[in-house]
Amino acid sequence: MSTDETGPAGSVPGRLEREAVGNGTSPPAGAAPGSGSPVIPYRFPDTTPLGEIVERFGALDPGVSTGVEVRVAGRVLAHRPQGRLAFSTLADWTGSLQLFAGAGFTEDFGELVRSRVGDWIGAEGEVVTTKRGELSIRVARWSLLARAARGFGDKWHGVQDPDARYRHREVDLWANEGPRAALLARSRVVSTLRRHLEGRGFVEVETPILHPLPGGATARPFVTHHNALRSDLYLRIAPELYLKRLVVGGFERVFELGRVFRNEGLSPRHNPEFTMLECYQAYADYRDMMELVEQLVAAAAVAVVGGTALSYQGRSLDLTPPWRRATMAELVGEAHGCTIHLEDRPHLESLARGAGIPVRGEWGSGKLLLELYEKTVEGTLWDPVHVCDYPAEVSPLARPHRSEPGLVERFESIVAGRELVNAFSELGDPEIQRRNFEAQAAARAAGDDEAMLVDEDYLFALEHGLPPAGGLGLGVDRLVMLLTDTANIREVIAFPTLRPLGP
RNA sequence: GCGCCUCUAGCUCAACGGCAGAGCAACGGACUCUUAAUCCGCAGGUUCUGGGUUCGAAUCCCAGGGGGCGCACCA
């Protein structure tokens with residue numbers, strides 16, 4: 001076998017046969033060992049994308065011969081042999097086009113007739129229209145590029161079983177319409193975010209994924225172990241602290257687009273690993289971040305759907321800047337028809353009990369306000385809102401509000417009832433930061449296993465001076481969900497986390 | 001982690017206590033303009049797994065496994 005230049009796929013047809021266990025398919029009878037089973041080429045260069053051909057020739061009259069020869073490659077999505085003629089639908093990632101073959105003008109016509117849905121094929125021929133007027137390639141020569149030994153699902157229904165779709169995404173991508181569009185949209189979103197930030201002078205950086213201490217968010221981490229260092233490390237729950245250390249180091253505008261990992265339950269809106277955009281801008285505050293969020297989201301929307309007004313899950317959604325800005329206290333007051341004062345704890349407590357929230361004694365009035373907001377307001381917000389001015393006690397990394405005691409300059413951007421962005425005027429005072437960390441550590445000691453730890457390296461960095469800065473974190477998967485009108489986060493992740501099969 | 005629903009041929013689904021079936025795919029054949037091509041033929045099963053009830057279980061019960069949704073947690 002090692003001397004056979006056609007390689008294993010072409011030289012050992014018997015192997016194909018043994019591996020074709022799925023649906024009982026096997027090579028055509030004509031491809032028995034030694035009797036000329038097709039030779040798979042190592043390359044098939046200089047092809048024209050099918051979408052380009054469709055666009056160039058558009059609508060022609062029936063029965064036209066253009067005189068233009070093209071070379072194309074793709075996957076057979078439908079196959080309609082008809083005696084001494086055969087029609088196939090070939091698709092690549094730019095579009096699809098019909099192949100038109102005939103015994104009188106196509107080399108190896110008999111073999112082409114035996115090709116199957118799912119096979120990869122390269123072909124050369126003239127661009128024509130058939131008698132019925134369909135743009136086609138009149139195949140003169142062709143080559144099998146890969147044999148599909150397994151099927152791609154039902155012709156009408158594709159593959160519907162979610163388990164099969166997510167476990168075998170390669171099948172899903174060919175068998176169903178939506179998934180490929182969703183992943184391409186995701187790519188456009190990421191590319192747009194990156195270009196937009198670079199256009200504003202931001203520099204993309206990469207910070208560690210293996211953290212000696214989890215930090216930058218309240219979440220349970222994944223733990224792993226480094227053998228040579230003989231120490232446990234944590235997969236990052238947020239890049240925040242490292243990015244701000246870069247700002248201390250003089251990187252005035254930084255961003256990172258990357259995966260973070262949180263050891264929490266799965267749901268249609270939560271995957272254990274997800275993509276977050278975080279950026280930090282020196283000399284800016286949280287109001288500047290609101291403007292940045294609006295421009296980033298609007299740019300992504302234009303890139304994917306062509307505008308900032310769209311439809312999500314049957315409801316219209318307008319992402320056009322500027323977005324509404326309201327404080328958390330205002331929104332909670334609106335919902336309950338009263339005025340909220342953070343210092344009026346008995347009032348907050350009675351509202352919470354009225355809303356059926358189990359109030360815990362150790363909660364401060366800030367935590368009470370946050371609970372009220374999350375349980376009674378957040379899910380009801382639809383069009384975008386920047387929810388501003390969070391309680392200090394639930395925001396250990398944000399800077400105290402310039403005029404409102406007990407609050408910090410923090411906002412979350414809520415779109416379609418869900419948190420899309422979390423952002424602050426960054427806390428640069430190392431003494432306040434140390435006190436906040438210590439309060440978190442105390443909560444952790446009291447049993448809150450999502451509370452933060454004291455990060456001495458981060459405090460050391462702050463002691464060298466963090467300039468005034470605004471920072472934001474944006475959930476990229478959720479943004480893609482909004483722009484592709486999908487309800488399940490797994491639809492916009494190529495290979496979502498699934499429970500492993502087997503014993 | 002808890003609750004509800006679900007799992008039948010490669011795929012999409014019937015059969016719902018009484019012989020496990022259809023369409024598509026695949027395989028063999030016919031067919032010179034098809035479009036979900038059509039027509040003829042052939043083959044395809046641990047009904048997710050293991051127990052139980054019953055004369056008889058895909059169907060009812062119990063346990064386990066995968067998935068979906070909801071709750072909790074969170075972005």
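Chain A is the first sequence line, chain B the second, and so forth, proteins listed ahead of strands; every chain is numbered from 1.
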What's A:P268 touching, base or sugar-phosphate or nothing? Going by heavy atoms closer than 4.0 Å. sugar-phosphate

Taken to the nearest whole Å, OH/A:Y166 to C1'/B:G66 is 15 Å

d(CZ, A:R114; P, B:G29) in whole Å: 8 Å

Please determine which of A:R186, A:R269, A:R165 meets the salt bridge (charged side-chain N to carboxylate O under 4.0 Å, His left out) test together with A:E491. A:R165

What distance, rounded to whole Å, do you find between the two P atoms, one in B:G45 and one in B:U8? 15 Å

So does A:R84 get a side-chain nitrogen or oxygen closer than 4.0 Å to the phosphate oxygens (OP1/OP2) of B:U32? no

State whether A:R262 places a side-chain N or O below 4.0 Å from either non-bridging phosphate oxygen (OP1 or OP2) of B:A75. yes

Please measure how far the P atom in B:C60 lies from the corresponding atom in B:G67, and state the result in whole Å. 23 Å

Considering Watson-Crick and G-U wobble pairs with both distances under 3.5 Å, what does B:A14 pair with? none

Is A:N488 near enough to B:C69 that one of its side-chain N or O atoms lies under 4.0 angstrom from OP1 or OP2? yes

Give one of base, sugar-phosphate or nothing for A:E450, where a contact means two heavy atoms less than 4.0 Å apart. sugar-phosphate

Write down the partner of B:A63 under the Watson-Crick or G-U wobble criteria, each distance required to be under 3.5 Å. B:U49

Nearest to the side chain of A:S267, which nucleotide is it out of B:A72, B:A75, B:U35? B:A72

With a 4.0 Å cut-off on heavy atoms, is A:G153 in touch with a base, just the backbone sugar-phosphate, or nothing at all? sugar-phosphate

Verify whether the ring centers belonging to A:F87 and A:F100 lie closer than 6.0 Å. yes

Does the aromatic ring of A:F274 sit over the six-membered base ring of B:A75, closer than 5.5 Å centre to centre and tilted less than 30°? yes

In whole Å, measure the gap between the C1' atoms of B:G50 and B:A57 for me. 15 Å

Can you tell me whether the side chain of A:D154 and the base of B:G10 have a donor-acceptor pair closer than 3.5 Å? no

Contact class for A:N422 vs. all strands (heavy atom < 4.0 Å): base, sugar-phosphate, or nothing? nothing

Expressed as a whole number of angstroms, how long is the span from A:E126:CD to B:C33:P? 19 Å

Parallel, tilted or perpendicular, as decided by the 30° and 60° cut-offs, for the rings of A:Y373 and A:Y390: perpendicular

What is the base-pairing partner of B:U54, counting Watson-Crick and G-U wobble geometry with both distances under 3.5 Å? none

Under 3.5 Å, is there a donor-acceptor pair between the side chain of A:R478 and the main chain of A:E419? yes

How far, in whole Å, is B:A22 from B:C61 if one measures between their P atoms? 29 Å

Donor-acceptor contact present, side-chain A:R262 to main-chain A:N271, <3.5 Å: no

Expressed as a whole number of angstroms, how long is the span from A:R499:CZ to B:G1:P? 7 Å

B:G3 pairs with, by Watson-Crick or G-U criteria that keep both distances under 3.5 Å: B:C69

Which of these, A:V332, A:L381, A:N422, sits in a side chain to side chain contact (heavy atoms under 4.5 Å, CB included) with A:V387? A:L381

Between A:R287 and A:E291, is there a salt bridge with N-O shorter than 4.0 Å? no

From NZ of A:K155 across to C1' of B:G10 the rounded distance in Å is 15 Å

Donor-acceptor pair under 3.5 Å, A:Q82 side chain vs B:U32 base: no

Do the ring centers of A:F411 and A:H386 come within less than 6.0 Å of each other? yes

Using the C1' atom in both, what is the distance from B:G44 to B:C11, to the nearest Å? 13 Å

Opposite nucleotide pairing with B:C33, Watson-Crick or G-U, both atom distances under 3.5 Å: none

Select from A:H79 and A:F87 the residue whose nearest nucleotide in RNA chain B is closer to the 5' end of that strand. A:F87

Hey, which of these two, A:D477 or A:K131, hits RNA chain B nearer its 5' end, going by closest nucleotide? A:K131

Counting the atoms with a prime plus P, OP1 and OP2 as sugar-phosphate, which does A:F152 contact under 4.0 Å by heavy atoms, base, sugar-phosphate, or nothing? nothing

Work out how far the C1' atom of B:A37 is from that of B:C24, and round it to whole angstrom. 14 Å

Using ring centroids (six-membered ring only for Trp), state whether A:W174 and A:W120 fall under 6.0 Å. yes

Using a 4.0 Å heavy-atom cut-off, does A:N271 contact any base of the nucleic acid, only the sugar-phosphate backbone, or nothing at all? base

At 4.0 Å (heavy atoms only), tell me whether A:G158 reaches a base, stays on the sugar-phosphate, or touches nothing. sugar-phosphate

Between atom CG in A:L266 and atom C1' in B:C2, what is the gap in whole Å? 15 Å

Below 4.0 angstrom from OP1 or OP2 of B:C27, is there any side-chain N or O of A:R116? yes

With rounding to whole Å, what would you report as the distance between B:U54 and B:G17 at their C1' atoms? 9 Å

If you check the A:A78 side chain, which of B:C71, B:A37, B:A75 turns out closest? B:A37

Which nucleotide wins on minimum distance to the side chain of A:E264, given the candidates B:U12, B:C71, B:C73? B:C73

Under 4.0 Å, counting only non-hydrogen atoms across every strand here, what does A:R138 touch: a base, just sugar-phosphate, or nothing? nothing

What's the gap between B:U47 and B:G10 when it is taken at their P atoms, as a whole Å value? 12 Å

Between B:A75 and A:R478, is there an OP1 or OP2 to side-chain N/O distance shorter than 4.0 Å? no

Length of the CD-P vector between A:Q160 and B:G66, whole Å: 23 Å

In whole Å, what is the span from the CG atom of A:L498 to the C1' atom of B:G66? 10 Å

